[in-house]
Amino acid sequence: MSAAAHHEEGQHHDDHGHHKETFISKYVFSMDHKMISKQFLITGIIMGTIGMLMSLIFRLQLAFPDTKFPILASLLGEWGKDGKLDPNFYLALITIHGTIMVFFVLTAGLSGTFSNLLIPLQVGARDMASPFMNMLSYWFFAMSSTVLICSLFVQGGPASAGWTVYPPLSALPKAIPGSGTGMTMWLVSMILFIVSSLLGGINYVATVINMRTKGMKMTRMPLTIWAFTFTAILGILSFPVLFGGSLLLVFDRSFGTSFYLNEIPADLAGGIERVGGSPILFQHLFWFLGHPEVYIILLPALGITSEVIATNSRKPIFGYRAMIGSIMAIAILSFIVWGHHMFITGMNPFLGSVFMLGTLIIAVPSAVKTFNYLGTLWQGNLRLNPAMMFAIGLVSFFISGGLTGIFLGNASLDINLHDTYFVVAHFHLVMGSAAIFGMLCGIYHWFPRMFGRMLNESLGQIHFWLTIISAYCVFFPMHFMGLAGVPRRYYANTAYDQFNVFVDMNQFITFAAILGGIAQFIFLFNFFYSIFKGKKSVQNPWESNTLEWTAPVKHLHGNWPGEIPHVYRWSYDYSVPGHEQDYIPQNIPDEGQTDPLQEPKVTPIPERKAAPTIQKEEVVMFSLVKRWLGFAQ
């Protein structure tokens, strides 16, 4: 954006500073990106708590399959009759738990919160490119969340086909109890969610491209912004495919089409025989989103981690340009590896080897990021506050979960491990735990910027240690269960004699999960208590370089009261030799620098040459051609 445009924009926001906001316009239908980020965060925390409680309920079932818990009858009514979890509701809990955690917490809760908070502040913009679209993005997300939660209370229960909702369980309304109204509401919820994601993603990209402050070159942007931008691009390109896939599923369910159904007799398909479709088609459409979705979740967490590790190591980020390159490479490669989720669908072995090669190649940029984190930590002056601890925890999960991904990316090994607890362990470490740690890392780091107060550090340390211990205790043993062939999603593994040896392990995992749940309630207490009673924060508590710490915390439409700060350097000038402080904010020019910001060179517009005169012979030629074509007068 030109300097003149910035000036006009600043004038616009200054002129509107006197506008009086009502409670509704400030807290409910707010168009301020900072408030919208809080709305995403609070909604994500509520959804995350629901999803976590669901997992504890079905973990009880897996650990004690023959035990009755009277509390389940009180909590769940018919679904927990006589203290035993209903098998159909068990499947529903797994489905909704996965849906909530993947889409509503790790996608919207993570990216929606920090993209909204940081993109305008870190690039030096007054707000998003379209504040109105931004507000709509949140409210579509809120409607989507509401519809999904309401599906818990309909007749037949919520969707029960797993979070991947494969047909025919999702395409035949009478397949199982959750295939009826609950499944319809799942689809409605997902379509609303996709609309929210597209509105947000387009806004993020437009803001980064058009609204950077003076001096904020692309190569000076924090890695958070690079990560958020490519995350938004991934969402814009991949979510419409799931939208189309879901729409075809609605047609199969409601209008008698057969995109995903093949050889289903009329008595099972609601009176109309279904032939000609293929459930494999849905898997292709789902995983075309599903694999980029892994990085839609992970990239923001990795971007946040880059910022937090550099700040708390007091060192420049190691390999800045390599980090940007690895983000781009991951984003591109994520679109061509979806087939590795479908090795067992009868895929041509040659095609399987192509997907396998692409999957293994994506480990290269992932390894680059890991080495850069370790290089930044190496010999740094580490500040081990809770944000830093969660960032290091993310790197730990990224390494351990990434290594197991090599097994699953290999077609010959994946055929044996598919749909076992090995898969559950892998994606919960690399995608669930790592992304959750990235989100928590961001909350601890930017909580002072959001609320003007500090989170209690002691409670934060307790939260970190309990969480990382419980996460490894839950998911590490699952690898061995998977290697032994224990299938996931089964109501009671004890029905098979060969799996009885894992009863003790299942109980251990469940106790560890309960410990992790307790740790999250410690965090919730710390979070909500500190919003109102926490220690007041100074302007820049972490001595960070990025622009968001130059803006006042108090609610201000337009972020900065006067002119937007200019940028003179990249965001990782830590421990620069010769400087008194070990950090130099981006808006500070070098000493003696009188004209640090070079105005863009204006290239003079070349004089337009006179149009060539049409020669007489050419006129004659045109006349002849027109006459031959019959247009002559």
Handout entry: Minimum heavy-atom distance between Val337 and Gly358, given as atom pair plus value
Key = CG1-C, 3.4 Å
Exercise for the section: Please lay out, stage by stage, how Phe502 and Phe480 fare under the test ring pair (Phe, Tyr, Trp, His ring centres under 6.0 Å). Expected result: CA-CA 10 Å; Phe502 293 107; Phe480 299 98; 9.5 Å; no
Fill in the blank from the handout: Heavy atoms of Ser334 and His291 approach each other most closely as O-CD2, 3.7 Å
Practice task
Step by step, work out the side chain to side chain donor-acceptor pair (under 3.5 Å) result for Thr49 and Gln520.
Solution key: CA-CA 8 Å; Thr49 305; Gln520 305 323 304; over 6 Å; no
Exercise for the section: Determine whether the aromatic ring centres of Phe228 and Phe114 lie less than 6.0 Å apart. Expected result: no
Practice task
State whether the side chain of His428 and the backbone N or O of Val424 hold a donor-acceptor pair below 3.5 Å, judged by distance alone.
Solution key: yes
Practice task
Please find out if less than 6.0 Å separates the ring center of Phe343 from that of Phe355.
Solution key: no
Problem - Donor-acceptor under 3.5 Å (Arg488 side chain, Phe422 main chain) - result: no
Practice task
Measure up the His463 and Phe390 rings against each other and bin them: parallel (under 30°), tilted (30 to 60°), perpendicular (over 60°).
Solution key: tilted
Exercise for the section: Would you indicate whether Glu263, at its atom CD, is surrounded by more than 12 heavy atoms from other residues, nucleotides or ligands within a distance under 6.0 Å? Expected result: no
Exercise for the section: Check whether the ring centres of Tyr529 and Phe525 lie less than 6.0 Å apart, and answer yes or no. Expected result: yes
Practice task
May I ask you to test the Thr231-Ser115 pair for a side-chain heavy-atom distance under 4.5 Å?
Solution key: no
Practice task
For residues Leu299 and Leu234, determine if any side-chain heavy atom of one lies less than 4.5 Å from a side-chain heavy atom of the other.
Solution key: yes
Problem - Centroid-centroid distance, Trp163 to Phe286, less than 6.0 Å - result: yes
Exercise for the section: To the nearest 0.5 Å, tell me how far Leu85 CG sits from Lys68 NZ. Expected result: 13.5 Å
Exercise for the section: Check whether any side-chain N or O of Thr43 sits under 3.5 Å from a backbone N or O of Leu41 as a donor-acceptor pair, and report yes or no. Expected result: no
Completion exercise
On a heavy-atom basis, the closest approach of Asn526 and Gly460 is ND2-N, 3.9 Å
Exercise for the section: Kindly check if the number of other-residue, nucleotide or ligand heavy atoms within 6.0 Å of CG (Leu382) is above 12? Expected result: yes
Handout entry: Exam field: side chain Asp252 to backbone Tyr260, donor-acceptor pair closer than 3.5 Å
Key = yes
Practice task
Spell out, as yes or no, whether a donor-acceptor pair under 3.5 Å connects the side chain of Ser144 to the backbone of Phe140.
Solution key: no
Problem - Donor-acceptor contact present, side-chain Asp82 to main-chain Lys84, <3.5 Å - result: no
Practice task
Drop me the distance from Leu72's CG to Gln61's CD, to the nearest 0.5 angstrom.
Solution key: 9.0 Å
Practice task
Evaluate side-chain contact (heavy atoms from CB on, under 4.5 Å) for Met52 paired with Phe521, printing each intermediate quantity in order.
Solution key: CA-CA 11 Å; Met52 180 188 71; Phe521 281 107; 3.8 Å; yes
Practice task
Given ring pair (Phe, Tyr, Trp, His ring centres under 6.0 Å), test Phe451 with Phe532 step by step and report yes or no.
Solution key: CA-CA 9 Å; Phe451 300 102; Phe532 305 102; 8.6 Å; no
Fill in the blank from the handout: Value for OH (Tyr490) from OH (Tyr90), rounded to nearest 0.5 Å, stands at 11.0 Å
Completion exercise
Taken to the nearest 0.5 Å, the spacing of Ser396 OG from Ile468 CD1 works out to 5.0 Å
Practice task
Determine whether Ser160 and Leu169 make a side-chain contact, defined as any pair of heavy atoms from C-beta on separated by less than 4.5 Å.
Solution key: no
Exercise for the section: Assess whether side-chain contact (heavy atoms from CB on, under 4.5 Å) is satisfied between Leu110 and Val105, documenting all intermediate values. Expected result: CA-CA 6 Å; Leu110 174 55; Val105 179; over 6 Å; no
Completion exercise
Looking only at heavy atoms, the pair that brings Phe398 and Val430 closest together is CD1-CG2, 4.2 Å
Fill in the blank from the handout: Here the gap from Ile149 atom CD1 to Phe104 atom CZ, rounded to the nearest 0.5 Å, amounts to 8.0 Å
Exercise for the section: Classify the angle between the aromatic ring planes of Trp287 and His341 as parallel (below 30°), tilted (30 to 60°) or perpendicular (above 60°). Expected result: parallel
Problem - Under 3.5 Å donor-acceptor, Ser179 side chain and Pro173 backbone - result: no
Exercise for the section: Return yes when atom CZ of Phe476 has more than 12 non-hydrogen atoms of other residues, nucleotides or ligands closer than 6.0 Å, and no otherwise. Expected result: no
Handout entry: His97 ring center near Phe58 ring center (under 6.0 Å)
Key = yes
Practice task
Taking the side chain as every heavy atom from C-beta outward, state whether Leu360 and Ile406 have any atom pair closer than 4.5 Å.
Solution key: yes
Fill in the blank from the handout: With Ser412 as partner, the option from Asp414, Asn416, Asn410 fulfilling side-chain hydrogen bond (donor to acceptor under 3.5 Å, both in side chains) is Asn410
Exercise for the section: Check whether any side-chain heavy atom of Met388 lies under 4.5 Å from a side-chain heavy atom of Arg383, and answer yes or no. Expected result: no
Practice task
Look at atom CZ of Phe407 and say whether more than 12 heavy atoms of other residues, nucleotides or ligands are closer to it than 6.0 Å.
Solution key: no
Problem - Shortest non-hydrogen contact from Met454 toward Pro448 - result: SD-CG, 3.5 Å
Problem - Min side-chain heavy-atom separation Leu187-Ser246 under 4.5 Å - result: yes
Problem - Side-chain donor/acceptor of Asn116 to backbone N/O of Gly112, under 3.5 Å - result: yes
Practice task
Just do the side-chain contact (heavy atoms from CB on, under 4.5 Å) check on Met481 and Ile509 with the steps written out, would you?
Solution key: CA-CA 11 Å; Met481 295 173 65; Ile509 291 172; 3.9 Å; yes
Handout entry: Heavy atoms from other residues, nucleotides or ligands near CZ of Phe508 exceed 12 (cutoff 6.0 Å)
Key = no
Handout entry: Atom pair NE2/CG of His479 and Leu403 - distance to nearest 0.5 Å
Key = 9.5 Å
Handout entry: Ser137 side chain vs Ser196 backbone, donor-acceptor pair below 3.5 Å
Key = yes
Problem - Minimum heavy-atom distance between Cys441 and Ile304, given as atom pair plus value - result: SG-CG2, 3.9 Å
Problem - Flag side-chain contact, heavy atom, 4.5 Å: Leu148 against Trp186 - result: yes
Problem - Contact check, side chains of Trp465 and Met389, non-hydrogen atoms, under 4.5 Å - result: yes
Exercise for the section: Return yes if some donor-acceptor pair links the side-chain N/O of Ser306 with the main-chain N/O of Leu302 below 3.5 Å, else return no. Expected result: yes
Practice task
Check the pair Thr467, Ile436 against side-chain contact (heavy atoms from CB on, under 4.5 Å), reporting the backbone distance first and the verdict last.
Solution key: CA-CA 10 Å; Thr467 304; Ile436 286 282; 5.8 Å; no
Handout entry: CA sep, side-chain torsions, deciding dist, call: Glu293, Ser238, side chain to side chain donor-acceptor pair (under 3.5 Å)
Key = CA-CA 8 Å; Glu293 171 69 12; Ser238 61; over 6 Å; no
Handout entry: Mutual orientation of the aromatic rings belonging to Phe69 and Phe64 [parallel < 30°, tilted 30-60°, perpendicular > 60°]
Key = perpendicular
